[in-house]
Amino acid sequence: MAPFRSVEPGQSFPALEEQVLERWRARDVFGESIRRREGAPPFVFYEGPPTANGRPGSHHVLSRVFKDVFPRFKTMRGHLVHRKAGWDCHGLPVELEIERELGISSKEDIERYGVAEFNARCRESVLAYVEEWNRLTERIGFWIDTDDAYLTMDDDYVESVWWALKEVWKRGLLEEGRRVVPYCPRCGTALSSHEVALGYRDVVDPSVYVRFPVRGEDGVSFLGWTTTPWTLISNAALAVASDVTYVRARVGDETLVLAEALVERVLGEGVPIEARMPGSELVGQAYVPPFPYIDDYGPRGHTVLEGDFVTTDEGTGVVHTAVAFGEDDFRLGERYGLTVINPVREDGTFDERGGPFAGRFVKDADPDIVEALRESGRLLRSERFEHAYPHCWRCGTPLLYYAKASWYVRTTAIRDELLAANEEIAWYPAHIKHGRFGKWLENNVDWALSRERYWGTPLPVWRCESGDHEVCVGSVAELSELAGTDAVPSDLHKPYIDDVTFPCPDCGDEMRRVPEVIDAWWDSGSMPFAQWHAPFEDGDTFDERFPADYICEALDQTRGWFYSLLAVSTLLYGRSSYRTVLCLGLILDPEGHKMSKSSGNVVVPWDVIERHGADAFRWYYFTSKQPWDGYRFSLETVGESVRQFMLTLWNTYSFLVLYANAGEVTPPALNEADSDGFTDLDRWALSRLQATIELVIDRLEDYDTTLAGRALAAYVDELSNWYVRRSRRRFWDGDPTAFSVLRHCLVELSKLLAPLVPFVADEIYENLEASEPSVHLCDFPAYDPTHRDEGLEAAMSTVREAVELGRAARAQAKVKVRQPLGEAIVVAREGEQAAIERLAPLVLEELNVKRLRFVTDADELGEWELKPNYRALGPRFGKRMPQVAAAVGALDARSAAATLRSGGSVGVAVDGHEHALGADDVQLVLRPREGYQLERAGGHAVALDLELDDALRREGLAREVVHAVQAARKGAGLAVEDRVELALSGDEELLEAVRAHEGYVTAETLAVELAYAGTGPGAVTGHSAQIEGREIAIGLVRTSGHGS
RNA sequence: GGGCGAUUAGCUCAGCCGGUUAGAGCGCUUCUCUGAUAAGGAAGAGGUCCCUGGUUCGAGUCCAGGAUCGCCCA
């Protein structure tokens, strides 16, 4: 009976993976992998929730496979790794999708449509693609519990978020404030700074230089500059820097006041300067604003003020200030008591205070405003200015900066704690910690928390009508207490929650909830506790699983989830909620551009999976490069990883199964195998396995799949192209030890590979071992130094080098490997010679030579040259290196080489002092003599004796015949184990060669009979071949019996 | 304008603490091996290691300045 299920050499990996998935389902392998670790030390993973209102793309596959690989590894290493899925449900993107579906585009439309119905549609849509996400998640082998996913829109989740907000509120860190915020006039809501960060685009705006005539001084104007002409309607003051030097510059018949440093850039060269003065002297002067529509800014309105933000980097050094539309402007206004007047409506159009521009969208009004300035003579110059300007990250509308009332979490109050918490986080790559993320934390601004929208966690703040009292509600129970149990709706979202009112405990007036919902980033940042509905239930679970040992998302989450997680947990617990974070790069197309739907360059993950399979997809992401550098990605690049790695692995495995089945060899477990029967090659394969285990564990513990994967690929290559290649004879002969070793190596390899390529690893394990229901229930291999033999590894490496040189020499001489040669002459040091002698049979077979002859003195092949070993001598001699190099070059190479080879040292004179150099201080390089067929690498060389006698020639011909017969067997479609009757006829010299090596020929070709009679009757096939111009005819008949 | 990262063969990427002759894979040309392989092997073509300075006996590697690309911030 065949010991193993037979293996298809041309197996389709995608099809195989489907079968493996089926097996995992049937055996509930994922569930079992967790159950088996009950009570084991936990390794905590947090899932950053995606939003499932769109189809998953290749970049999602990237983060999901990296989320998968380390939990799998840690599970096999003995940890309990719970993996709870989650979905981010709230937020503007969801609302926008519904607006699109409904064909509406404003808040009024939504109100008209009905908030209850609108939110109901959001609730549905947010899970519209969950099914596809789950299907993809399973298909790529991302093990995560999707059945028990947390949803940020669940009432339990919302309640936990409320609890967190109340904690913050109790500390006085949640408050309403009026600040200038980035505001999207289309979406009708303010954006947080991390949302703003998502939407910068290069745009061309007008750049205008405007005269602000000084009151009471004809012909003299302050020269201001702005790229937002529409804010000139609201000009309230000018700001200057008190310590900057300003000038009165004469231009034509007028005088302009601006910073001296900018005169040349703005007005050109050679402009006459009438006077110089510090900015402080300008403060207090009154001027005429560009437009007359608004003039009640208070006593300091339309005068020059001192502003610490004024620089001479750009513009004129005289800064136009519109109190409502810029952060600096607003602060200046607060300082000098300017009235805040905002003539722009929430939809971005001027109200009636905008004069002739009333009703127009501010950005659209820019050209006409510039024109009006030109007509009134206020415009000095108008240019176009290209710069990055923030746009709404979802709808693309240019953002406006408004002074607005908005709710803030005062994260600036805990900046130092944030920085301290960051110190405890291990970042991959490391530079993010003090670079991108650390700098972001240092420049922390308060978190603009509220959104004047509909679909989100309602901000749980109730206020009485006077606005004098407010209460933040931290739980459903608290709300019931305040408003009565019946009053609490079954759905905590708008609009229902807004119906909940209660009398103010302080003044008795009715309290109503403020209208806002909160930033969805706060939701996701709350997942460490909210996913368990902590602290209301499952507080123990939370305690056990906080903080996370590992999280992983793409780089764009630096200011997203990475920040919101850190901020929320630092506010609540004073520490980070994650210990290690892996930060992935972006997916680019082959040209290095970001993949996006609009560019049409996206690679759909399903295409990759159908063509190459999930393992190949994973392998590509894990090993092709450091994952944070970004990927230049295409279907083809994944295909390469299949060819190079997956196929080599599969072929090695299929080789084992093929010959084990053919020979009906059931390989004994390694520890039951006869270890005395191990060959050096066996010991080498086992030693290299241990080396690989050691390295892979080290790398994966350091979150490095790249080097772990590359080490595994190197081992697979060694196993296939050296161990198996050099051991084929033993497999054909059914040597159980060889089978045992190879099986052991493949089984251990399957465990090492399991976290990375879980499908193929499981398939190999299932067929070769199967003592567990899945490889994923095994322990990760432990490093076992008793199977390590580093001396043997070094020797083998020397041997492989010698073989390479010999092969190169053959190729140079154009002598086929099939033709045996008498002798290979090897130049080697003593240690190398010992290594090669120990493993001589490998070299003899691989090079197809009869003998090895070693020469240490290379005289007959070439001559030695001595070169200094800079690495060794550099630190010793420093500046004197050139002299040392010269002295080494001047040595008599031959005698020095002999001395060094025998362990002695040679002396060189430098600066009149004698210095002894040992063997490690110089390199011996062989310079080949003309006319020898010699390949060398450093001090190593192999030459071949090309002389052929009749015996060698006959043997070469016999091998040619075998080769021809094998081709004929293959051509006839025979299985490798089929026995044949063989008939040969043709050229007499060929037949002579066969007769001389009859045993060899019949053994190689599995011929039970050999006749020299041509193609007899009943021959399965008749082939003929040409060997060195001679004809041979080959007849084959498959015999019944063995192998059928 | 500031921060972070990148720049090495036609393509995708290695290159540790600085060591003198910069590598691999893919692709290309030629040859070869095969009783597992879609594979393997050999040779060849293909490089101003982005540029300019500096430090050093010695720089792809370290430092400074610049260029280009990407991301982020303003």
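All of these numbers come straight from a predicted model, not from anything done at the bench.
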Quiz item: Considering only B:A36, B:A39, B:G3, which nucleotide approaches the side chain of A:Ser654 most closely?
Solution: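 Out of B:A36, B:A39, B:G3, the nucleotide with an atom closest to A:Ser654's side chain is B:A36.
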Quiz item: What's the spacing between A:Leu649 CG and A:Leu719 CG if we round to 0.5 Å?
Solution: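 It is 9.0 Å, given to the nearest 0.5 Å.
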Exercise. Would you give the length of the straight line joining atom CH2 of A:Trp628 to atom CD1 of A:Ile432, rounded to the nearest 0.5 angstrom?
Key: 9.5 Å
Quiz item: For B:C17, does the O4'-C1'-N9-C4 (purine) or O4'-C1'-N1-C2 (pyrimidine) torsion place it in syn, i.e. within 90° of 0, or in anti?
Solution: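 Syn for B:C17; the angle stays within 90° of 0.
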Quiz prompt | Residue pair A:Leu982 / A:Val965, side-chain heavy-atom distance below 4.5 Å | solution =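 Yes - at least one pair of side-chain heavy atoms lies under 4.5 Å apart.
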Are any of [X]'s side-chain N or O atoms less than 4.0 Å away from OP1 or OP2 of [N]?
{"X": "A:Tyr659", "N": "B:A36", "answer": "yes"}
{"X": "A:Trp732", "N": "B:A36", "answer": "yes"}
{"X": "A:Lys625", "N": "B:C13", "answer": "yes"}
{"X": "A:Arg436", "N": "B:C4", "answer": "no"}

Quiz item: Taking NZ, NE, NH1 and NH2 as the nitrogens, is one of them in A:Glu846 or A:Arg800 under 4.0 Å from a carboxylate oxygen of the other?
Solution: no
Using purine N1 to pyrimidine N3 plus N6-O4 or O6-N4 for Watson-Crick, or N1-O2 and O6-N3 for G-U wobble, both under 3.5 Å, which nucleotide pairs with [N]?
{"N": "B:A42", "value": "B:U30"}
{"N": "B:C4", "value": "B:G70"}
{"N": "B:A64", "value": "B:U52"}
{"N": "B:A14", "value": "none"}

Quiz item: Quick one: on RNA chain B, does A:His431 or A:Arg969 contact a more 5' nucleotide (nearest heavy atom)?
Solution: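 Its nucleotide being nearer the 5' end, the pick is A:His431.
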Practice problem: With RNA chain B as reference, determine whether A:Val962 or A:Asn869 sits nearer its 5' end, using the nearest nucleotide of each. | Solution: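 Upstream on the strand: A:Asn869.
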Can you pull every protein N or O that's under 3.5 Å from an N or O on nucleotides 54-58 of chain B?
| residue | atom | partner | partner atom | Å |
| --- | --- | --- | --- | --- |
| B:C57 | OP1 | A:Lys879 | NZ | 2.7 |
| B:C57 | N1 | A:Gly878 | O | 3.3 |

Please write out the pairs of protein N or O atoms and N or O atoms of nucleotides 31-33 of chain B separated by less than 3.5 Å, giving the distance to one decimal.
| residue | atom | partner | partner atom | Å |
| --- | --- | --- | --- | --- |
| B:C33 | OP1 | A:Arg818 | NH2 | 3.3 |

Quiz item: Do A:Ser720 and B:A36 share a donor-acceptor pair, side chain to base, under 3.5 Å?
Solution: yes
